[in-house]
Amino acid sequence: MTMDVQSNAVIEPITTSAPPHPLVEFWYHFRQNTGAVIGLVVIVALVFLAVFADFLMPHSPLEQYRDAILVPPVWHDGGSWTHVLGTDDIGRDMLSRLMHGARLSLLIGAIVVTLSLAVGLALGMASGFFGGMVDITIMRLMDIVLALPSLLLAIVVAAILGPGLFNAMLSVSVVVVPHYARLTRAAVMAEMSKDYVIASRVAGAGPLRLMLVNVLPNCMAPLIVQATLGFSTAILDAAALGFLGLGAQPPTPEWGTMLASSLQFLQRASWVVTWPGVAILVTVLAFNLLGDGLRDALDPKLKR
């Protein structure tokens, strides 16, 4: 007589790991871009300098040292540790003015991006959501603005409003609105045909809920990238207006204004021109690198 011995197999439950948090996934893809990480570090350093400039500045940016006019940087002959990066033509400390200029430049970028993004977002949402004559009217106006050279249009608007830092920010905001409007319109039109929008509409969602709750959050990734790149455009255009005398007015330590007021000393005191130019270059480059990294991290098609 034979007995069949059956062994009872123990079935272990299949464990599945939870998906990573969106921020963890974002940082993983973002840090793959070394240039973007460097840009982020530079921007964080600039923000730190801008916030704590009053405590970190060795001198007042407006104080004039008549006994230290056009003093070279400390590593040049005749330089002094009292003024590490030298002084300008009326004895103001270059390092202090550059640090205070970082605050102004970041403030310009933040205000310009906020204003232009708000207006462009509203126009793009209305254009993409309603379509028809609303879409045609808004887009033709945006085409007219885009047909004009951006810097030339900013100069015209600044000349009409009058010279000044706030008017320069308004003029730059007007110039960059079409970029946000067209980008928002394209993103909205791509989302409107998707199933979740149709389901929300069938469920009785109103136009405002559809636009602000359903569609807008899914359009933010390209807008975040464009806003980051818009920081560099705003800083560069505001510096150009300041250089032309239509932006911040002396003695405000804005980088473009500092360049304009020191051109005559380029041959015998090159540092008064070099440092504001380097500050503009580094800041614009850092924001461009950060924008590239955000694009790679937020766009699923570009994730490696």
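The basis for the numbers below is simple: all heavy atoms, side chains too, and nothing from hydrogens, waters or symmetry mates.
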Donor-acceptor contact below 3.5 Å, side chain R92 vs main chain L62: no

Would you say that D88 contacts F265 through its side chain, given a criterion of any heavy-atom pair below 4.5 Å between the two side chains? no

Between V112 and L46, is there shared hydrophobic-cluster membership here, with clusters defined by ILVMFWY side-chain heavy atoms closer than 4.5 Å? yes

Is a side-chain N or O of R185 found less than 3.5 angstrom from the main chain of G124, in a donor-acceptor match? no

Can any side-chain N or O of W271 pair as donor or acceptor with the backbone N or O of T87 at less than 3.5 Å? yes

Answer whether the closest heavy-atom distance between the side chains of T34 and I38 falls below 4.5 Å. yes

With heavy-atom distances below 4.5 Å as the criterion, would you say the side chains of R268 and L70 are in contact? yes

Would you call the rings of F231 and F287 parallel, tilted or perpendicular if under 30° counts as parallel and over 60° as perpendicular? parallel

Is there a donor in the side chain of H59 and an acceptor in the side chain of Y65, or the other way round, less than 3.5 Å apart? yes

Residues A154 and S171: closest non-hydrogen pair is O-CB, 3.5 Å

Counting only heavy atoms from other residues, nucleotides and ligands, does the tally under 6.0 Å from CH2 of W75 exceed 12? yes

Full working for side-chain contact (heavy atoms from CB on, under 4.5 Å) between F30 and D296: CA-CA 7 Å; F30 180 82; D296 295 343; over 6 Å; no

In plain terms, say whether R182 and D143 are close enough for a salt bridge, that is, a side-chain N and a carboxylate O under 4.0 Å apart. yes

Are L161 and F166 side-chain neighbours, meaning at least one heavy-atom pair lies under 4.5 Å? no

Can you establish whether the number of heavy atoms outside Y196 located under 6.0 Å from its atom OH is more than 12? yes

Side chain to side chain contact (heavy atoms under 4.5 Å, CB included) partner of C219, chosen from V188, L183, T184: V188

Interatomic distance, OG@S173 vs OH@Y180, rounded to 0.5 Å, equals 9.0 Å

Distance in Å, N167 CG paired with M169 CE, rounded so as to fall on 0.5 Å steps: 9.0 Å

Would you compute the distance between atom NZ of K194 and atom CD of E191 and round it to the nearest 0.5 angstrom? 3.5 Å

Show the numbers, then the answer: is there a side-chain contact (heavy atoms from CB on, under 4.5 Å) between L210 and F129? CA-CA 9 Å; L210 279 175; F129 188 83; 3.9 Å; yes

Could you tell me the separation between the CD1 atom of I90 and the OG atom of S262, rounded to the nearest 0.5 Å? 11.5 Å

Co-membership, hydrophobic cluster, residues L236 and V113, 4.5 Å side-chain: yes

Can you find a heavy atom in the side chain of L170 that is under 4.5 Å from one in the side chain of V157? no

Heavy atoms, side chains only, cut-off 4.5 Å: are S200 and R209 in contact? no

Hydrophobic clusters here meaning ILVMFWY residues chained together by side-chain heavy-atom distances under 4.5 Å, can you tell me if V213 and L121 are in one? no

Show your working on side-chain contact (heavy atoms from CB on, under 4.5 Å) between W255 and V278 and close with a plain yes or no. CA-CA 10 Å; W255 292 337; V278 169; over 6 Å; no

Counting N and O atoms only, with roles assigned by atom type, does the side chain of T137 sit under 3.5 Å from a partner on the main chain of V134, one being a donor and the other an acceptor? no

Check the pair M192, V215 against side-chain contact (heavy atoms from CB on, under 4.5 Å), reporting the backbone distance first and the verdict last. CA-CA 7 Å; M192 289 299 294; V215 176; 3.9 Å; yes

Any side-chain heavy-atom pair of P58 and H83 under 4.5 Å: no

Can a donor-acceptor pair be found, under 3.5 Å and without considering hydrogens, that links the side chain of S105 to the backbone of A102? no

Decide whether V37 and L40 are clustered together by the hydrophobic rule: side chain heavy atoms of Ile, Leu, Val, Met, Phe, Trp, Tyr closer than 4.5 Å, transitively. yes

Distance-only polar pair, side chains of D135 and S127, donor-acceptor under 3.5 Å: yes

Tell me if the CG atom of D54 is crowded by more than 12 foreign heavy atoms within 6.0 Å. yes

Provide the closest heavy-atom pair for A36 versus G293 in the form atom of the first, atom of the second, distance. CB-CA, 3.4 Å

Honestly curious: do L241 and L281 fall in one hydrophobic cluster under the side-chain, below-4.5 Å linking rule? no

One should read off an interatomic distance between L95 CG and T82 OG1, to the nearest 0.5 angstrom, of 12.5 Å

Rounded to the nearest 0.5 Å, what's the gap from CG on L244 to CD1 on I155? Could you check? 5.0 Å

G109 versus A234, closest heavy-atom pair with distance: CA-CB, 4.0 Å

Quick one: closest heavy-atom pair of M99 and A53, and the distance? O-CB, 4.1 Å

Can you tell if the side chain of I280 reaches within under 4.5 Å of the side chain of L259, non-hydrogen atoms only? yes

Heavy atoms only: give me the nearest S232-N288 pair and the separation to one decimal. OG-OD1, 2.9 Å

N218 to N214 - nearest heavy-atom pair and separation: ND2-O, 2.8 Å

Would you say Q267 has more than 12 foreign heavy atoms packed within less than 6.0 Å of its CD? no

We want to know whether E254 and T257 form a side-chain donor-acceptor pair, criterion being a heavy-atom distance below 3.5 angstrom. yes

